[in-house]
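Whatever order the structure lists them in is the order used to number ligands and atoms, beginning at 1.
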Amino acid sequence: MSVSTQWWQEPVIYQIYPRSFQDSNGDGVGDIPGITTRMPYLANLGIDAIWLSPVYKSPNDDNGYDISDYRDIMDEFGTMADFDEMLKVATEHNIKIVMDLVVNHTSDEHEWFVQSRSSKDNPYRDYYIWKDAVGFEEDGTPIPPTNWVAAFSPSAWEWDETTEQFYLHLFSKKQPDLNWENPKVREEVYDLMRFWLDKGVAGFRMDVINLISKDQSYPDDPAVAAGAKTDSLVMAANGPRVHEFLNEMYREVLSHYPIITVGETPFVTTADGLLYTGFDRDELQTLFQFEHMGVDSNPDAKLGKWNDTRFELVDLKRILSKWQDDLSGKAWNALYWNNHDQPRAVSRFGSDSPEHRVRSAKMLGTTLHFMQGTPYIYQGEELGMTNVFFDDIKDYNDLEIHDSYEKLVGSGAVSHDDMMRYISASGRDNARTPMQWDTTENAGFTTGSPWLKLNPRYTEINAKEALADENSVFYHYKKLIELRHAHPIVVNGTYKLLDADDNQVYAYLRYGQGESEGQVLLVISNFTDAELERDYGYDLTETQLLISNYEDAPAGNTLRPYESVVFAFKA
Ligand code: NOJ
């Protein structure tokens, strides 16, 4: 590939949410041996690396994002021997493994926290964030240090009777925040990172890594004071020492290994992005920004992500193009449409109707994979898996869904029926229904009783049928990956948006650099089910068609429903 790109800019990375991928022992929960058996499927798709959501020991309050031992494997997922075998088989298939690093918080069942909460003078006390009550209500209820609302519970502070202090938890009360001000905590984190890197993993996706440095004055959250019903995570975002900590992590650990890093960073602008990932910054290589995930968030900010309004394409284009332009030549994007926390892309940005699902899923793949950055595929995206609707709240597992239901329906802010619609549009379980492998009972995911219900559309949408159909979404994604591997311009080309005000079509150019200097790509995607006329001023008869989501040739300047085409030509 081009001399100017690094290996971590070139791969396509596939995210596995192990709980929902493949069960091998009939207990209804996906596991590591299950992933190993599916390695040939992933090699056939052509991916270069897997981002593995957490597999560490965990009591599963937040499905593995609450870790009780960073050096061991969750019982339901298998053993360390199973992990080593998976790593070996992945390597044989030329697939790297990127681990999830969850170090803003641990589980409350982690030994450090068990020690920490046992007494005020325990050596582990300062591993977490403990504060006195600022006063007491008349009935004796202690008043927390700030008004912060946690992501998965009403208050971010939990009173601990034993030592009569509050501890901070930005997420559930079973996920106490680590105290990064304490150098010993940072050393422990660097050590556990080395443990996994020395095993041969290829890097880390870092969970909410921009929340690790808290403003030591602990101010109140003005949004909560104004009546917001969701959470106060923003109060911990991009804190005073975060760059110092990441720079230290880079010096101590990251710079010593040839690895890939991607930070999960809510509440970042492109200016923040440059600070975290600038080529000259020695912090992270890439980050997951969230601006495009907020494109359809509720105009009534009090309800946050809970709504079912449709995004506007001009907004999506503006946000993604801003990231493309502002990072160009200075830093590198991570490209994604969905993950284990987001609804399914085809339902959200395309169409999941039987008529348009396949075509629009391919269109979304093309639109994303031809931008500049490292693309991620979330399990099942390559099949065009869709959102799900359960009519009983009990069928949902996710603690965020249940907590938000309590906060919003419980307080009377939203009706039950509206909330059920919002959950089906935005809830995290849309991404977490088990992988759809075939048409047998439970879609070949498990022979037991699945931990979360299957999406009933598995009889129509599954890997077995996709593999048997040369026009499936699967083969379209396979071709996208092949094109990236074959044409340096897909990796290194610069980006230019066309027609920013067009609310129906997303069109952009890529200009080759270095070895692909003089080459141009024109990417055109119709985001609607209508037939449209568009003329970008190029003689398309003089171009090479690299990929299309229609079987027959493009029809001149006419774009058919959800049509997506990429043309290559010389400047
Ligand atoms: C972000 C993760 O992606 C999400 O699944 C998790 O609940 C929170 N961080 C807390 O770890």
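Using modelled atom types, one finds no donor on one side chain facing an acceptor on the other under 3.5 Å when comparing Gln15 with Asn339.
Short contacts between ligand 1 and His340, defined as distances under 4.0 Å to a heavy atom of the residue, involve ligand atoms 2 (C), 3 (O), 4 (C), 5 (O). Near Phe152, meaning under 4.0 Å from one of its heavy atoms, ligand 1 places the atoms 7 (O). Close contacts between ligand 1 and Arg428 involve ligand atoms 4 (C), 5 (O), 6 (C), 7 (O) [criterion: under 4.0 Å to a heavy atom]. Of all atoms in ligand 1, numbered sequentially from 1 with element shown, those under 4.0 Å from a heavy atom of Asp341 are 1 (C), 2 (C), 3 (O), 4 (C), 5 (O).
Interatomic distance, Trp8 CH2 to Asp48 CG, rounded to the nearest 0.5 Å: 14.5 Å.
The closest side-chain heavy-atom distance from Ile209 to Thr265 is below 4.5 Å.
At the shortest separation from atom 6 (C) of ligand 1 among protein heavy atoms lies Asp62 OD2, 3.3 Å. Atom 1 (C) of ligand 1 has its closest protein heavy atom at Asp207 OD1, 2.9 Å.
Taking the six-membered ring for Trp, Phe311 and His292 have ring centres at least 6.0 Å apart. In this structure, Tyr65 has its ring center no closer than 6.0 Å to that of His105. In this structure, Phe288 has its ring center closer than 6.0 angstrom to the ring center of Trp51.
Residue Arg432 places a heavy atom less than 4.0 Å from ligand 1.
Using a 4.0 Å cut-off between heavy atoms, His105 contacts ligand 1 through its side chain alone, with no backbone atom that close. Using a 4.0 Å cut-off between heavy atoms, Arg205 contacts ligand 1 through its side chain alone, with no backbone atom that close.
With a 6.0 Å radius and a threshold of 12 heavy atoms from other residues, nucleotides or ligands, Lys322 has its NZ atom above the threshold.
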